[in-house]
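Each remark here refers to the structure printed beneath this line.
The sequence lines fix the lettering, A, B, ..., with proteins before strands; numbering per chain opens at 1.
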Amino acid sequence: MPQLTEAKRSCYCGELRKSDIGKEVILKGWVHSHRNHGGIIFLDIRDRTGLCQVELDPKNIAAEYFESAQKLRDEFVIAVKGKVAARPEGMVNPKLATGEIEVKASCFEILNTSQPLPYTMDSYANMSEENRLRYRYLDLRRPEMQEIIITRSKLYRVVRTFLHENGFIEVDTPILTKSTPEGARDFLVPSRMSEGMFYALPQSPQLFKQILMVAGYDRYFQIARCFRDEDFRANRQPEFTQIDIEMSFITPEDLFEPMERLIKKIFEEIKGAKVEIPFRRIPYAEAMLKYGSDKPDLRFGLEIKDVTDIFRSCDFRVFKETIEAGGVIRALCVPAAAEKISNTQLKPGGEIPRVAATYGAKGIAWFKMEGEPALPNSNISKFFAAETLASLASALGAAAGDLILIVADKPKVAAESLGQLRLWLGRALNLINPDALEFAWIVDFPLFEWNENERRWDSAHHPFTSPMPEDIPLLETAPEKVRARAYDLTLNGEEIGGGSIRIHRSDVQETVFKAIGIGEKEARHRFGFLLEALSYGAPPHGGIAFGLDRIMMILMKRDSIRDVIPFPKTQAGLCLMTGAPSDVTDEQLRDVHIQLRREIKE
RNA sequence: GGGGGCGUAGUUCAGCUGGUUAGAACGCCGGGCUGUCAAUCCGGAGGUCGCGAGUUCGAGCCUCGUCGCUCCCGCCA
């Protein structure tokens with residue numbers, strides 16, 4: 001018997017075409033499926049390039065091989081030697097790239113056997129996420145997942161190539177670093193050599209990239225792993241990957257230009273999509289008003305309008321009291337939806353009020369455009385003067401058959417609940433073109449946001465974000481009015497990146513720290529090294545970080561971030577494959593000077 | 001931290017108002033079959049109904065606890 005184990009593979013399975021007919025080949029791969037007809041056996045051999053049908057026919061193969069072929073099962077690893085042949089008339093399989101040919105085997109060898117799989121390799125079968133994660137090596141073996149992981153590799157290459165060609169320098173930053181208590185919770189790593197001390201895993205390379213600017217490495221980038229020990233949600237993982245970028249001597253526009261070209265390049269190279277640049281810029285306030293979100297999905301219209309003024313003098317108690325308390329009335333006009341959305345869906349307890357309630361709205365007022373001429377009509381229309389209803393309809397451009405949804409509440413609640421309703425309606429009424437790519441820069445974010453729990457101002461982005469120069473005088477008098485030189489890049493309702501121009505002068509930095517209640521002593525303790533660095537000739541600088549996993553998700557049209565991360569964790573932060581996190585020995589704990597407060601139950 | 005959904009054969013699921021021996025499909029095992037490609041035909045094996053308590057004459061089904069997966073709110077500078 002020839003030793004195929006050591007024989008060199010001549011080509012990949014998925015590469016064979018009609019032009020290869022007549023060639024002698026050696027293939028190596030997995031038995032994707034086997035069809036045993038007794039007198040003839042067909043195998044689909046799979047590797048990461050695809051499938052190829054192999055025919056085992058006693059006419060072409062020695063009896064001893066045919067005998068042992070009876071033992072072949074799915075997922076056995078085999079080597080096959082044979083001749084590429086055209087498939088007989090009518091036997092072409094159009095579903096396979098290699099469907100016009102087959103390999104007539106002259107011999108084969110089983111390189112390894114396989115237990116029956118805990119689930120099937122076929123793409124038409126669903127399997128539980130739990131099993132996919134537990135047997136991740138099998139999940140990753142599926143052609144569908146291999147396509148994702150290979151595309152992810154291509155994305156890394158496109159990003160690196162583009163950034164290197166555009167003068168960016170790739171620099172590593174530490175994984176073991178210093179804990180910075182604000183922001184997300186840090187993952188901690190106990191130090192063996194410094195008793196009682198801890199490293200933290202970086203939430204992002206933020207401070208290091210600023211330090212690199214101080215050090216003169218204008219145009220830094222890194223494909224960086226970031227760690228945040230917070231509760232999970234869909235599309236959030238404890239460790240995730242960012243394309244981290246920082247530049248010196250720039251305005252936001254100087255950054256947008258190369259970043260737009262980077263994003264364009266990514267979507268064109270990976271997806272073959274057409275991307276128009278420059279992207280539109282939308283001020284934060286406008287995004288919140290029109291879309292009720294700082295990451296608007298611009299694939300459909302349905303803009304929210306403020307109609308507070310129309311109802312300013314009305315007697316309807318809910319509206320009146322909301323306005324008197326400084327609240328707003330906002331409305332969404334849904335074209336031709338009066339019949340598509342039932343009264344059951346609109347009634348208290350129905351789907352629509354429930355969506356709104358999730359985001360804090362106490363209720364939903366609604367009207368359907370009815371009658372001749374059409375006017376807003378509903379169970380509450382009797383509370384309003386005819387002129388009020390008419391001006392509502394004209395302000396919204398509402399026509400017969402339209403549905404009007406109204407939320408009266410604090411500006412934030414009205415915006416968010418209508419924003420979420422807008423998304424719900426977009427999906428429910430099928431207004432979203434799944435192939436569209438709608439990018440936008442969201443700009444002019446507020447520098448601070450009010451922390452209701454602790455009754456103080458917090459940084460909206462992070463404390464190193466530069467205020468707009470003209471707003472600096474407001475830092476101490478009217479912090480809520482200070483705009484930041486911060487920006488997010490959004491795509492189809494997802495934030496795919498965000499960043500800012502940083503503060504490069506220690507006096508401005510101190511004023512900002514003061515505004516968010518960080519005293520000089522505390523600032524020095526937490527970020528002393530950064531403040532010190534800023535005092536040694538720090539250039540003006542700024543940057544951005546893109547969420548690589550989210551971009552991958554959109555590129556691959558996946559709903560779950562776990563599908564585009566090779567080895568993701570579950571919502572409880574467990575790795576079902578390795579069993580991490582796990583207990584450690586007493587000796588390991590002693591080494592790092594840690595004593596558990598409670599014995600873990602066996 | 002709060003709320004929702006799910007957990008039944010190796011896998012994906014069904015299982016009525018709490019009532020006889022918990023079913024199906026795929027997979028697996030044995031056998032047949034020379035043109036299949038989700039091969040097919042005949043036969044067979046396979047169950048701690050996640051785990052633990054409780055209610056009941058009787059629990060896959062009801063209650064409580066617990067573990068796991070997942071989604072939402074909070075959280076994520």
With centres under 5.5 Å and planes under 30°, do Phe42(A) and U36(B) count as stacked? yes
Check if the side chain of [X] and the base of [N] share a donor-acceptor pair of N or O atoms closer than 3.5 Å.
X: Arg233(A); N: G74(B); answer: yes
X: Arg236(A); N: C75(B); answer: yes
X: Arg87(A); N: C37(B); answer: yes
X: Glu55(A); N: U36(B); answer: no

Is [X] salt-bridged to [Y], going by a charged N under 4.0 Å from an acidic O?
X: Asp297(A); Y: Arg427(A); value: no
X: Glu75(A); Y: Arg141(A); value: yes
X: Glu102(A); Y: Lys104(A); value: yes
X: Glu510(A); Y: Lys514(A); value: no
X: Arg456(A); Y: Glu449(A); value: no
X: Asp409(A); Y: Lys362(A); value: yes
X: Asp488(A); Y: Lys295(A); value: no

Can you list everything that forms a side-chain contact (heavy atoms from CB on, under 4.5 Å) with Thr570(A)? Sequence neighbours excluded, please. Leu133(A), Ala572(A), Leu574(A), Leu576(A)
Under a 3.5 Å cut-off for both contacts, is [N] paired Watson-Crick or G-U wobble with anything, and if yes, with which nucleotide?
N: G43(B); result: C29(B)
N: C64(B); result: G52(B)
N: A24(B); result: U12(B)
N: G19(B); result: C57(B)
N: C76(B); result: none
N: A38(B); result: none

May I ask you to say what [X] touches in the nucleic acid, namely base, sugar-phosphate or nothing, with a heavy-atom cut-off under 4.0 Å?
X: Lys104(A); result: base
X: Leu574(A); result: sugar-phosphate
X: Arg562(A); result: sugar-phosphate
X: Thr465(A); result: nothing
X: Leu576(A); result: sugar-phosphate
X: Pro463(A); result: base

Aromatic rings Trp457(A) and Trp450(A): how do their planes relate, parallel, tilted or perpendicular, breaks at 30° and 60°? perpendicular
Is the ring pair Phe513(A)/Phe464(A) parallel, tilted or perpendicular, if the boundaries are 30 and 60 degrees? perpendicular
Side chain of [X] only, heavy atoms from C-beta on: which candidate in [options] is closest?
X: Asn131(A); options: U12(B), U36(B), G68(B); value: U12(B)
X: Ser33(A); options: A39(B), G35(B), U12(B); value: A39(B)
X: Glu130(A); options: U70(B), U34(B), G68(B); value: G68(B)
X: Ile40(A); options: U70(B), U34(B), C72(B); value: U34(B)
X: Asp231(A); options: G74(B), C29(B), C69(B); value: G74(B)
X: Thr358(A); options: C29(B), C73(B), C37(B); value: C73(B)
X: Tyr359(A); options: C33(B), C69(B), C72(B); value: C72(B)

Which of residues 91-103 of chain A sit near RNA chain B, with a heavy atom under 4.0 Å from it? Met91(A), Asn93(A), Lys95(A), Glu102(A)
Going by heavy atoms closer than 4.0 Å, what residues in residues 412-425 of chain A are next to RNA chain B? none
How long is the straight-line distance from CG of Asn451(A) back to CG of Asp458(A), given to the nearest 0.5 Å? 4.5 Å
Does OP1 or OP2 of A38(B) have a side-chain N or O of Arg35(A) closer than 4.0 Å? no
When rounded to the nearest Å, what value does the distance between [atom1] atoms of [N] and [M] take?
N: G50(B); M: U11(B); atom1: P; answer: 13 Å
N: C29(B); M: G65(B); atom1: C1'; answer: 41 Å
N: A14(B); M: A9(B); atom1: C1'; answer: 13 Å
N: C28(B); M: C67(B); atom1: C1'; answer: 29 Å

Please compare Ser128(A) and Ala234(A) by the position of their nearest nucleotide in RNA chain B and report the one closer to 5'. Ser128(A)
Which heavy atom of Glu476(A) sits nearest to which heavy atom of Thr511(A), and what is that distance? OE2-CG2, 3.4 Å
